[in-house]
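Below you'll find the structure, written out as structure tokens, and then a few comments.
Bear in mind the structure is a predicted one, so any value in this text is a computation, not a measurement. Chain A is the first sequence line, chain B the second, and so forth, proteins listed ahead of strands; every chain is numbered from 1.
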There are 2 protein chains.
Amino acid sequence: MTTIKDVAQHAKVSPATVSRYINNRGYVGTDTRQRIAKAIEELNYVPNEVARSLFQKKSKLIGLLLPDIANPFFPLLAQGVEDYFHQYGYHVILGNIQENPDKIAAYLKMFQQNFVAGILSAVPLNSDELNKATVIVDRTDCQSTYSISANNQQGAQLIVDAITETSYENIVIIAGPQDVVTANTRFHYVTRALANQGVNYQVLENTSYRFNNALTTADRLFTEFPQVDTVIAANDVQAIAIIQKAHQLKRRVPKDLQIIGYDDIPMSELTIPRLTTIQQPAFAMGWQAADMLYQLINEEELVDKHRLLDVKLITRDTLRK
Amino acid sequence: MTTIKDVAQHAKVSPATVSRYINNRGYVGTDTRQRIAKAIEELNYVPNEVARSLFQKKSKLIGLLLPDIANPFFPLLAQGVEDYFHQYGYHVILGNIQENPDKIAAYLKMFQQNFVAGILSAVPLNSDELNKATVIVDRTDCQSTYSISANNQQGAQLIVDAITETSYENIVIIAGPQDVVTANTRFHYVTRALANQGVNYQVLENTSYRFNNALTTADRLFTEFPQVDTVIAANDVQAIAIIQKAHQLKRRVPKDLQIIGYDDIPMSELTIPRLTTIQQPAFAMGWQAADMLYQLINEEELVDKHRLLDVKLITRDTLRK
DNA sequence: CTGAAAGCGCTAACAA
DNA sequence: TTGTTAGCGCTTTCAG
């Protein structure tokens, strides 16, 4: 391993000068510059990030907390984060929480131990553990910290508008997990908007966003609400599972049963029929959150503590005309 | 930030003793132990991983390279890796290559700069850059390094066996991207097995595993091979796109067109009809690779440089009886 | 414009 | 069983 000392010797200067050169700080003579550049080149020197981090008490690492990486929404978000930070030489430590609260604390501790520059979390965090630059993405209760979210109220309204333009008799809303803020928000606004218009609905509670849960919930839907002709699903995976069950039960979609999803995961374009859904900009959310965090890290002026991203209705083929 | 020195003072011992205590190395008197424990507790001390890494020239970080995190196969693999390492206090730096070769070099350099303990890569790596413990997973050319892969030959055989049990006239094989080793291997063995049995087939080349590519390839399939009645898809996403296109063109699956996929991504259970496919144990591959890397890091005896995981046929509803 | 020196927090000889 | 010392590779005063 070649160190800054080796480079210094090779270039016949002191380590301090090399350091200044590398970090573009302070004066370095033009000829010295060249000697150093040459030495670095020849010795194939790369600065030791760990030593740097130790001194600065700050690394070029970002902690990313995801509820469940197997949920197709989050890889997209992660991609946005990674893409953004890569251009600035920051890198991402991945924490997959998987509904295991112990892991949150473990990761937070580890982030601290490794001097991460900042934390990006799609998992709700208590605000008492915010000794670091932190941006909450997606699952925010909003006020406490910096955050990015998609506009769930708007999404709810879009759903209700889309549904009320159709004919419907028996609406069933699949409520997402209680402990997921976004699911609750959506549920709240959907029910409110529906009530405002005097529309009746029933509710099927769901406890998890996990994949295997989707099919059992789909089963429950048809046994508990045999009359259902309209489903407002908690997310796309859930909606897709219902489409399939409906098909098995010979209910035609959307003729006998219409469905609207949420997320617009890549798969929702490939179902039969293609899923009408609300698009959340997962990649953009990750990107925006990264951008916000980057500004936080560099102590730039932040115009807004919260950014709210628009969602939009993607009209495909699972709603009746 | 409380340091080991603070703890030492508080417990009236030297930093060295505290270090010995923390790392369970060398002798520490019973009463000293307790004083130290108490001090750590009271001061809420957590060891500084960066300082540790600097000294050891080795961190508790693992570099993970993925070709494309949006491809549903890889989040599962990543989950296996993360799950495994979390139990040993190692953590994962995520590198999403996204078909951008420059990123590979950038990440490799960065892994070195951060003293990662080891590298896990689902992206093929030149063996000249192996100054670190490295395990290649999935996309291996095999011989050079340590590796985990699913048995692509077995998968190919399973496909051919399944197909030849059905009735078929016009088989089209969708070849995966040329530069993906596993795709080539499968293609090689499928074509060979087919040829061995004197079965004819045609080939549709595909250049990418990306999502948006799947639909255009599905289009090409039906325009270039209007007679096709059997498709061997390169992966599940591709297969699902074809199922949808077939439906739009009023070709019944599997009656008019039968399809077999590859991967068994979670979605493949939710298609209509449900996709028959070859299951690759994505999570297990990640887990096993992590296990292998862990042994490599700890210089344990490795019985096998390569582990080959079985795949299996998941019979669902897209093949004719 | 450049160098010497000190120190980030930790661990491993080596002495005591 | 414990403490002293030195040093991992880097950066930053502060002198020159």
(request) State whether Asn23(B) places a side-chain N or O below 4.0 Å from either non-bridging phosphate oxygen (OP1 or OP2) of dT11(C). (result) yes

(request) Examine dG9(C): is either OP1 or OP2 under 4.0 Å from a nitrogen or oxygen in the side chain of Lys57(A)? Give yes or no. (result) yes

(request) Could you check whether Val50(A) gets within reach of a base, just the sugar-phosphate, or nothing at all, counting any heavy atom under 4.0 Å? (result) nothing

(message) Just the rounded figure in Å: distance from C1' of dT2(C) to OH of Tyr27(A).
(response) 13 Å

(request) From the options Val92(A), Leu293(A), Leu94(A), select the one residue that forms a side chain to side chain contact (heavy atoms under 4.5 Å, CB included) with Val81(A). (result) Val92(A)

(request) Measure from the side-chain heavy atoms of Ser19(A) and tell me the nearest of dG9(C), dG3(D), dT11(D). (result) dT11(D)

(request) Mind calculating the distance between CD (Gln9(A)) and C1' (dG3(C)) to the nearest angstrom? (result) 14 Å

(message) For a quick test of reading the model, state the closest non-hydrogen atom pair linking Ala70(A) to Gln79(B) and the distance between them.
(response) CB-OE1, 3.6 Å

(request) Could you check whether Ser53(B) gets within reach of a base, just the sugar-phosphate, or nothing at all, counting any heavy atom under 4.0 Å? (result) nothing

(request) May I have the distance from Gln56(B) (atom CD) to dC10(C) (atom P), rounded to whole angstrom? (result) 12 Å

(request) Provide, to the nearest angstrom, the distance between the OH atom belonging to Tyr21(B) and the C1' atom belonging to dA12(C). (result) 20 Å

(message) Check the phosphate of dG3(D) against Thr17(B), side-chain N and O only, distance under 4.0 Å to OP1 or OP2. Yes or no?
(response) yes

(request) State whether Ser14(A) places a side-chain N or O below 4.0 Å from either non-bridging phosphate oxygen (OP1 or OP2) of dG3(C). (result) yes

(message) For a quick test of reading the model, state the closest non-hydrogen atom pair linking Glu49(A) to Asn114(B) and the distance between them.
(response) CB-OD1, 3.6 Å

(message) Check this one for me: any side-chain N or O of Arg25(A) less than 4.0 Å away from OP1 or OP2 of dT12(D)?
(response) yes

(message) Does dT11(D) have OP1 or OP2 under 4.0 Å away from a side-chain N or O of Arg20(A)?
(response) no

(request) Give the minimum heavy-atom separation between Pro75(A) and Ile69(B), together with the two atoms involved. (result) CB-O, 3.4 Å

(request) Please report the closest heavy-atom contact between Ile97(A) and Tyr107(A), naming both atoms and the distance. (result) CD1-CD1, 4.1 Å

(message) Measure CG/Leu54(A) against P/dA6(C) and give the value in whole Å, please.
(response) 18 Å

(request) Quickly work out the Ile36(B) CD1 to dT1(D) P distance and round it to whole Å. (result) 13 Å

(request) Starting at atom CZ of Phe55(B), determine the distance to atom P of dC8(C), rounded to an integer number of angstrom. (result) 17 Å

(message) Nearest to the side chain of Thr3(B), heavy atoms from C-beta on, is which of dA12(C), dG3(C), dG9(C)?
(response) dG9(C)

(message) Does Tyr45(A) reach a base, just sugar-phosphate, or nothing at all? Heavy atoms under 4.0 Å.
(response) sugar-phosphate

(message) Quick check on DNA chain D: between Ala16(A) and Met1(A), whose nearest nucleotide comes earlier from the 5' end?
(response) Met1(A)

(request) Report the distance from atom NZ of Lys5(A) to atom P of dA5(C), rounded to the nearest whole Å. (result) 12 Å

